[in-house]
There are 2 protein chains.
Amino acid sequence: MAADLDPEGPVPLYAQLAEVLRAQIVAGELQPNRPVPSELTLQQTYGVSRDTVRHALRVLREEGLVVAVRGKGTYVAGQG
Amino acid sequence: MAADLDPEGPVPLYAQLAEVLRAQIVAGELQPNRPVPSELTLQQTYGVSRDTVRHALRVLREEGLVVAVRGKGTYVAGQG
DNA sequence: GCCCATTTGTACGTATGTATG
DNA sequence: GCATACATACGTACAAATGGG
């Protein structure tokens, strides 16, 4: 599911996107040690810029929910 | 003293700038509860983009060394 | 080893919004 | 109203790492 984001709302787009992805992780739609959609895919899926995508992913990285690997992708964090 | 950054070196500009500012804070050249130079000033002083300046400041914020206050400035963290 | 596509990382430019003074 | 300053968000380009052919 790609719930639309609301550019008009008070919540920044990056925060909205982070929340969407966080929910998918918590719900198990995105599984541990499996890749999150690429930045390009997320851009196209949600109609936002890469800056916004990367800001959202940064939030999730800081929460320890995902791990980015250069040249490969961004993965849902595993057990450790 | 505005040590030049090295765009050719292996260390990212934002990391170099963060290190310069961190050193100034630790050395007391930038004092607690006093403002760090503005993003614009840092851009001009070091000849880097706003993104680079903001990235450097974000690093310092995450380290708890500075606190950004919207509409005012970025301040060296105080004791409490 | 080399080229190429993909993906994340870094860097810069610009515009607009929001808050303070 | 205006200037300053941080926050968000759009765009572009190139570098670096990975993996397939």
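Per chain, numbering begins at 1; letters A, B, ... match sequence-line order. Note that the structure is a prediction, hence the values are computed from the model and not measured.
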Checklist entry - Looking for any heavy atom pair under 4.0 Å, which part of the strands does Leu13(B) touch: base, sugar-phosphate only, or nothing? => result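 Counting heavy atoms under 4.0 Å across all strands, the contact made by Leu13(B) is with sugar-phosphate only.
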Next on the checklist: Over all strands shown, is Ser38(A) touching base, sugar-phosphate only, or nothing at heavy-atom distances under 4.0 angstrom?
Outcome noted: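 Sugar-phosphate, no base atom in range.
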Return the value, rounded to whole Å, for the distance between atom [atom1] of [X] and atom [atom2] of [N].
X	N	atom1	atom2	value
Tyr75(A)	dA17(D)	OH	C1'	12 Å
Arg58(B)	dG9(C)	CZ	C1'	12 Å
Arg50(A)	dT6(C)	CZ	C1'	11 Å
Leu17(A)	dA9(D)	CG	P	10 Å
Glu39(A)	dA9(D)	CD	P	16 Å
Gln16(B)	dA11(C)	CD	P	8 Å
Leu40(B)	dA3(D)	CG	P	14 Å
Tyr14(A)	dC10(D)	OH	C1'	16 Å

Quick one: [atom1] on [X] to [atom2] on [Y], what's the gap to the nearest 0.5 Å?
X	Y	atom1	atom2	value
Leu30(A)	Thr74(A)	CG	OG1	11.5 Å
Glu8(A)	Leu13(A)	CD	CG	9.5 Å
Leu42(A)	Arg50(A)	CG	CZ	11.5 Å

Item to check | Test side chain to side chain contact (heavy atoms under 4.5 Å, CB included) applied to Arg22(B) and Leu60(B), step by step | outcome: CA-CA 7 Å; Arg22(B) 192 184 303 114; Leu60(B) 298 180; 4.0 Å; yes
For [N], does either OP1 or OP2 sit under 4.0 Å from a side-chain N or O belonging to [X]?
X	N	result
Arg54(B)	dA7(D)	yes
Thr52(B)	dT10(C)	no
Thr74(B)	dA5(D)	no

Checklist entry - For Gln43(B), does the CD atom have more than 12 heavy-atom neighbours from other residues, nucleotides or ligands under 6.0 Å away? => result yes
Solution key, residues 51-59 of chain B side-chain donor-acceptor pairs under 3.5 Å, sequence neighbours excluded:
residue, atom, partner, partner atom, Å
Thr52(B), OG1, Ser49(B), OG, 3.3
Arg54(B), NH1, Glu39(B), OE2, 2.8
His55(B), NE2, Arg58(B), NH2, 3.4

Next on the checklist: Need to verify one output field. Residue with the more 5' nearest nucleotide on DNA chain D, Leu57(B) or Val11(A)?
Outcome noted: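 It is Leu57(B) whose nearest nucleotide is closer to the 5' end.
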Checklist outcome for this item: Note: for Gln43(B) and His55(B) on DNA chain C, the residue whose nearest nucleotide lies more 5' is His55(B)
Pull out every protein N or O sitting under 3.5 Å from an N or O of nucleotides 18-21 of chain D, one pair per line with the distance.
none

Checklist entry - Shortest non-hydrogen contact from Val67(B) to Ala77(B)? => result CG2-CB, 4.4 Å
